[in-house]
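None of these values were measured; they are calculated from a predicted model.
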Amino acid sequence: MIIVNSPIMQDKVKGIVEAIETPKFTFVKKEGIKLYFEVDSEDKDAACAIAKAAIKKDPIGGTIMFSVKPGEYI
C-alpha cells in the first residue's frame, strides 16, 4: 500500500498513478487528502519513487504540492 497526499487535483493524480504499468497501482480509497493505492510490488519504497517520478513528469507535477509514502490500509 502506498499513500499519495495531494490537496488538489486528486482525480488527475489518481489517473497518473493508475496509468503506471510496472508495478501496477490499484486505487483503493480516498480519505481527505490521502489517496490509497495497492501495489503489486514487494518493494514499497521503490514503488513510491516510481509513483513520485510519474507525477513529477506530468505537467501538473510542478504546480501542485504532493507527497508519496508507504503506508497501511486503515
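Side-chain atoms of K56 and F66, non-hydrogen and from C-beta on, do get closer than 4.5 Å to each other. Between I16 and I60 there is a side-chain heavy-atom pair separated by less than 4.5 Å.
Counting only distance, with no hydrogens or angles, the side chain of D43 and the backbone of A46 share a donor-acceptor pair below 3.5 Å. Between the K29 side chain and the E31 main chain, no donor and acceptor come within less than 3.5 Å of each other.
Annotation: the span from T22 atom OG1 to I50 atom CD1 amounts to 8.0 Å, rounded to 0.5 Å.
Judged as a side-chain contact (heavy atoms from CB on, under 4.5 Å), and not counting sequence neighbours, the contacts of N5 are I3, I33, K34, S67, K69. Considering only residues two or more places apart in sequence or on other chains, D40 meets the side-chain contact (heavy atoms from CB on, under 4.5 Å) condition with P23, K24.
Nearest approach of I20 to A54, heavy atoms of both residues: CD1-CB, 3.7 Å. Nearest heavy atom pair, residue Q10 against residue L35, reads O-CD1, 3.7 Å. The two residues M1 and V39 come nearest to each other via the heavy atoms N-CG1, 4.3 Å. Summarising the geometry of K12 relative to D58, their closest heavy-atom pair is CE-OD2, 3.5 Å, with the distance given to 0.1 Å.
Using a 4.5 Å cut-off between side-chain heavy atoms of Ile, Leu, Val, Met, Phe, Trp and Tyr, with links allowed through other members, V68 and I8 fall into the same hydrophobic cluster. A single hydrophobic cluster is not seen to contain both Y36 and V17; linkage of ILVMFWY side chains at heavy-atom distances under 4.5 Å, directly or through other members, places them apart.
Within the structure, every pair that satisfies the ring pair (Phe, Tyr, Trp, His ring centres under 6.0 Å) test and touches residues 14-34, not counting sequence neighbours, is listed here: F27-F37.
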